[in-house]
Novice: 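Below is one structure. I have some questions about it.
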Amino acid sequence: IGPGGGAGVLLANPGETKTLTFTAMHAGLFVYHCAAQNPAIHMAHGQYGLILVEPTVPLPRVDHEYYVMQGEFYTTGTLGQKGLQIFDSKAMLDGNPNYVVFNGRTGALAKNLNAKTGETVRFYVGNGGVNLISSFHVIGTVFDRVWQEGSITSPPVTDVQTTLVPAGGSTVVDLTLRVPGNFVLVDHALARVDKGAWGVLHVTGDPEPGVFQGVV
């Protein structure tokens, strides 16, 4: 849209206010982030988000929409340590985060993702990075449709188990819930689950033995 994503015109001194206007010329799901020097350090502190620019012809309707943003934290402390965590620049340069999380912290998506059997759910998924590619996956189901890299003006691919989300990129996935239970969202580089990259989609409703049934 503009040089540096507009960072130069938004630099402000204490007490100043700066404003930027732009025309959203591309439909899609996009990551925005701080671009002041050093952008990687700012993003490693969580200064990013998602913006959805809807196309003229909207996506198919679904029953629920949720935003999921993956990010990394690099600290001098140990995993799970309480209190202030000092930033570790060497760990960032080595690409070895202490934490990989959804929506800013471990457990952020533990309780608030809900649906019923027969409903459709859409996840708008972004990856703030700054280093890792995400392998987004929901354990126990398959995505009906995936708009790869957030390109919602392109035809979706179908019947996908796991989809890649590049650092600084996005994806949009739809799924249909056919049986009740707790469906866990992960980055399928599964060691990252232990670092915090997990959430739970809680699905209520009647069992459907013709779809899924435990064998005694």
Side-chain angles (χ1 to χ4, degrees), residues 1-59 65-77 83-109 112 122-134 136 147-154 163-173 185 187 192 195-197 199:
I1 302 301
V9 299
L10 291 176
L11 290 175
N13 293 318
E16 283 188 312
T17 298
K18 296 290 184 69
T19 301
L20 168 69
T21 61
F22 68 95
T23 301
M25 301 176 67
H26 299 274
L29 182 65
F30 303 104
V31 173
Y32 65 85
H33 61 84
C34 178
Q37 297 299 323
N38 179 314
I41 292 175
H42 290 202
M43 293 182 73
H45 284 76
Q47 295 186 18
Y48 50 75
L50 281 174
I51 180 171
L52 173 65
V53 181
E54 297 188 87
T56 303
V57 179
L59 295 178
E65 295 181 320
Y66 295 112
Y67 282 71
V68 178
M69 191 73 180
Q70 182 166 320
E72 305 153 21
F73 290 108
Y74 300 85
T75 77
T76 56
L84 177 65
Q85 298 288 298
I86 304 300
F87 176 67
D88 187 338
S89 58
K90 184 178 186 303
M92 185 190 73
L93 292 173
D94 292 342
N96 185 26
N98 301 67
Y99 298 88
V100 183
V101 298
F102 293 149
N103 288 15
R105 63 179 177 86
T106 300
L109 300 180
N112 297 322
R122 176 168 297 146
F123 287 111
Y124 296 100
V125 185
N127 181 10
V130 294
N131 287 305
L132 305 179
I133 295 172
S134 174
F136 185 71
W147 287 268
Q148 295 172 313
E149 298 187 10
S151 179
I152 58 178
T153 56
S154 301
T163 190
L164 295 177
V165 191
S170 68
T171 192
V172 181
V173 303
L185 288 63
D187 177 340
R192 298 173 189 171
K195 293 187 173 187

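Everything numeric here is computed off the predicted structure, so don't read it as measured data. Just so you know, residue 1 is the first one in the sequence shown, and it goes up from there.
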Novice: Would you compute the distance between atom CG of L164 and atom CG of D187 and round it to the nearest 0.5 angstrom?
Specialist: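 The CG atom of D187 is 9.5 Å from CG of L164, to the nearest 0.5 Å.
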Novice: Less than 4.5 Å apart, any side-chain heavy atom of V31 and any of L50?
Specialist: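 A side-chain contact exists here, since the closest heavy-atom pair is under 4.5 Å.
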Novice: What heavy-atom pair brings G129 and A167 nearest, and what distance separates the two atoms?
Specialist: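 Looking at all heavy atoms of both residues, the closest pair is CA-CB, 4.2 Å.
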Novice: Between A108 and N103, what is the shortest heavy-atom contact and its length?
Specialist: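 Closest pair (atom of A108, atom of N103, distance): CB-O, 3.6 Å.
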Novice: Can you name the closest pair of heavy atoms from C34 and H42 and give their distance?
Specialist: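 Closest approach of C34 to H42, heavy atoms only: SG-ND1, 2.8 Å.
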Novice: How many angstroms lie between atom CD1 of I41 and atom CZ of F87, to the nearest 0.5 angstrom?
Specialist: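 Those atoms lie 5.0 Å apart.
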Novice: Give the minimum heavy-atom separation between A7 and A36, together with the two atoms involved.
Specialist: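 Looks like CB-N, 4.4 Å.
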Novice: Does any non-hydrogen side-chain atom of Y74 lie less than 4.5 Å from one of N131?
Specialist: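 Yes, side chains in contact.
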Novice: Determine, step by step, whether Q85 and N98 satisfy the side chain to side chain contact (heavy atoms under 4.5 Å, CB included) criterion, reporting the C-alpha distance in whole Å, the side-chain angles of both residues, the deciding distance to 0.1 Å, and the verdict.
Specialist: CA-CA 10 Å; Q85 298 288 298; N98 301 67; 5.7 Å; no
Novice: Rounded at 0.5 Å granularity, tell me how far CG in N127 sits from CE in M69.
Specialist: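 The CE atom of M69 is 7.0 Å from CG of N127, to the nearest 0.5 Å.
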Novice: Hey, what do you get for CG (L29) to CD (E54), rounding to the nearest 0.5 Å?
Specialist: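 One gets 11.0 Å once the value is rounded to the nearest 0.5 Å.
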Novice: Does the pair L109 and Y66 meet the rule for a side chain to side chain contact (heavy atoms under 4.5 Å, CB included), with working shown?
Specialist: CA-CA 10 Å; L109 300 180; Y66 295 112; over 6 Å; no
Novice: For atom CG of L11, decide whether the heavy atoms of other residues, nucleotides or ligands shown that lie under 6.0 angstrom number more than 12.
Specialist: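 Check passes, neighbour count above 12.
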Novice: What are the two closest heavy atoms between G95 and P97, and how far apart are they?
Specialist: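 For G95 versus P97, the nearest heavy atoms are O-CD, 3.3 Å.
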Novice: What verdict does the side chain to side chain contact (heavy atoms under 4.5 Å, CB included) test give for V172 and R122, after you've listed the backbone C-alpha separation in whole Å, the side-chain angles of each residue and the deciding distance to 0.1 Å?
Specialist: CA-CA 7 Å; V172 181; R122 176 168 297 146; 3.7 Å; yes
Novice: Only one of T163, L59, V173 forms a side chain to side chain contact (heavy atoms under 4.5 Å, CB included) with W147, so which one is it?
Specialist: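 Among the candidates, only L59 passes.
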Novice: Mind listing the closest non-hydrogen atom pair of F30 and S170 along with its distance?
Specialist: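 Closest approach of F30 to S170, heavy atoms only: N-OG, 4.5 Å.
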Novice: Supply the atom-to-atom distance N96 CG to K195 NZ, rounded to the nearest 0.5 angstrom.
Specialist: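 N96 atom CG to K195 atom NZ measures 4.5 Å (nearest 0.5 Å).
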Novice: Students often mix this up, so state it plainly: with edges at 30° and 60°, are the rings of F136 and F123 parallel, tilted or perpendicular?
Specialist: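 The arrangement is perpendicular - the two ring planes meet at more than 60°.
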Novice: What distance separates E149 CD from T171 OG1, expressed to the nearest 0.5 Å?
Specialist: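 Rounded to the nearest 0.5 Å, the CD-OG1 separation comes to 8.0 Å.
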Novice: May I ask you to test the Q70-V100 pair for a side-chain heavy-atom distance under 4.5 Å?
Specialist: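 In short, these two side chains touch, coming nearer than 4.5 Å.
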